[in-house]
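Take a look at the structure set out below.
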Amino acid sequence: ADSSEMENLVPTPVDVKSSKADYTLTENTVIEVRDGEATEVAEYLAGLLRPSTGYELPIVEGPSTGPDGSISLRLASDSSAIQSQGYRLQVNSDGVQIRASEPAGLFAGVQTLRQLLPPAIEADTEQSAEWTVSGGRIRDYPRFTYRGAHLDVARHFFGVETVKQYIDYLAQYKVNHLHLHLTDDQGWRIEIDGWPNLTDEGADSEVGGGSGGYYTKEEYAEIVQYAQSRFVTVIPEIDMPGHTGAALESYAELNCDGEKRQEDTGTNVGDTSLCLDKEVTYEFIEDVISEVAEMTPGPYLHIGGDEAHTLSDEDYNDFMSCAIPMVIEQGKRPIGWHQILGADPPEQTIGQFWGTSSDAPEVAAAAEEGHELIMSPATDAYLDMKYNEDTELGLDWAGYTPVPDAYDWDPAGYIDGVDESSIMGPETALWSENIRTLSDIEFMLFPRFPGVAELGWSPEAKTDDWDEFKHRLAAQAPRWNVQGVNYYQSPQVPWP
Ligand SMILES: CC1=[NH+][C@H]2[C@@H](O1)O[C@H](CO)[C@@H](O)[C@@H]2O
């Protein structure tokens with residue numbers, strides 16, 4: 001195979017040594033596991049390779065490498081040798097070996113193996129190709145343990161199948177957290193038993209007046225399970241006290257004037273808030289937080305906190321001093337958009353930075369006090385920003401984000417005075433004011449998303465050169481073509 005496959009990986013690994021010892025899969029190739037734990041990843045790998053190769057690729061308990069070699073997945077016994085979420089991958093003429101200290105590392109190695117095979121591997125029907133894996137060895141592990149991608153399912157609702165495809169794109173580029181923005185002015189998208197009107201009334205529309213929708217608890221569980229099988233942690237966001245129009249439309253008592261709010265199919269922000277003077281408001285958020293926590297196995301719960309413009313800082317801070325302890329009581333770590341840090345919350349509260357300037361002294365001060373940050377600067381990581389003035393889809397309040405800009409930043413260096421130790425990692429955001437379909441999602445995500453995924457995974461020293469990266473990014477296109485991804489063919493990328 002063209003050894004450039006080893007040189008073209010996205011995210012680029014810590015250490016790559018290509019060689020001429022390629023391995024070619026045949027119908028006799030087996031997938032070999034030694035530990036029960038590796039079987040789940042083996043099944044996933046088989047699911048990737050069987051359709052396009054047409055090979056049986058049986059999963060066998062090793063040690064057994066059939067006559068034509070094997071793809072061997074193994075959890076290293078001396079797990080200390082391989083960093084968390086990391087892996088070692090070796091390709092030689094008798095097969096492929098992937099080693100890791102935990103299943104998540106094997107899964108990351110499988111995503112790399114995927115890119116060492118010809119693009120036709122992505123087809124879901126049998127292709128006649130030579131299934132040759134580039135020879136060499138790779139040592140790899142992530143710079144940040146947290147790599148996230150946000151999806152706004154409130155402005156426009158996206159069903160379970162679309163969310164699963166979104167999760168598959170995250171996995172393909174080693175992103176391991178999915179932040180679902182479940183509630184806003186235009187829709188409430190998650191069933192809450194104690195407050196049924198939230199979805200009976202608050203879910204039946206969306207921006208532009210479409211039919212909206214919501215996830216039943218079973219559907220949410222299906223999303224969580226699917227994400228877990230791709231080593232992706234789901235982070236639900238219930239935005240409060242602002243961006244609560246759908247709740248205010250569903251329950252009159254949540255409004256200070258006792259009147260239900262009108263259904264909102266527009267895109268204004270900042271003009272709604274729960275009624276902080278009413279006891280029922282705190283009963284409401286407590287019920288919601290506990291039900292959402294109960295259906296979320298991951299360690300985080302996001303309570304938004306952005307753009308509560310109708311409230312004074314003091315009222316906002318008082319609200320947060322009630323809401324945040326409720327999240328902690330449920331055994332979850334609270335996350336909020338970075339304004340939440342102004343409420344001087346408990347130290348374990350995480351701020352998600354969505355600013356547009358490196359000059360953010362209050363965020364830097366909060367980091368100094370021990371708060372961790374998720375980095376989503378709107379100038380670089382907001383993939384709802386248009387590429388340029390000709391882009392139909394998306395918004396432009398933070399300016400345009402052409403492909404190079406989504407790559408040309410550093411999650412640890414963005415905010416002046418913040419140390420890398422305070423940064424959990426980058427997270428892309430995709431707000432859906434005018435993003436309606438999976439095809440729209442793909443157009444905004446690709447080709448910018450893989451670049452941010454690389455910033456989260458690869459060593460800093462290997463992610464500071466757009467002129468080097470753009471060639472590796474371009475080399476991903478043949479895979480996207482086979483996958484049918486509707487990507488923006490930016491003139492700034494040297495497509496093959
Ligand atoms: C955290 C945050 N609050 C606002 C802001 O980001 O911009 C988004 C559009 O880019 C918008 O949808 C969202 O409601």
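Start at 1 and go down the list; that is how both ligands and their atoms are numbered. Side chains are part of it too, since the values below use all heavy atoms of this structure and drop only hydrogens, waters and symmetry mates.
In this structure, the ring of Trp495 has its center less than 6.0 angstrom from the ring center of Tyr487.
Listed for the Arg143 side chain is no donor-acceptor partner under 3.5 Å among the backbone atoms of Pro459.
Contact check for Val175 versus Tyr169: no side-chain heavy atoms found under the 4.5 Å cut-off.
Of the protein's heavy atoms, Tyr382 OH, 2.8 Å lies nearest to atom 6 (O) of ligand 1. When only non-hydrogen protein atoms are considered, atom 4 (C) of ligand 1 lies nearest to Glu307 OE1, 3.1 Å. For atom 3 (N) of ligand 1, the nearest non-hydrogen atom of the protein is Asp306 OD2, 2.7 Å. Among protein heavy atoms, atom 12 (O) of ligand 1 sits closest to Glu433 OE2, 2.5 Å. Counting protein heavy atoms only, atom 14 (O) of ligand 1 is closest to Arg155 NH2, 2.7 Å. Of all protein heavy atoms, the one lying nearest to atom 5 (C) of ligand 1 is Trp354 CZ3, 3.5 Å.
Between Thr401 and Arg448, the shortest heavy-atom distance links the atoms O-NH1, 2.8 Å.
With ligand atoms numbered from 1 in the order given, ligand 1 contributes 10 (O) to contacts under 4.0 Å with heavy atoms of Met385.
Taking 4.0 Å as the cut-off, His243 counts as a neighbour of ligand 1 on heavy-atom distance.
Of all the heavy atoms of Leu395, the ones lying under 4.0 Å from any atom of ligand 1 belong exclusively to the side chain.
Distance check, rounded to the nearest 0.5 Å: CD of Glu191 to CG of Leu182 gives 12.5 Å. To the nearest 0.5 Å, atoms CZ (Arg147) and CD (Glu454) are separated by 12.5 Å.
Inclusion of Asp384 in the set of residues having an N or O under 3.5 Å from an N or O of ligand 1 is warranted.
Within a 6.0 Å radius of CD in Gln492, other residues, nucleotides and ligands contribute more than 12 heavy atoms.
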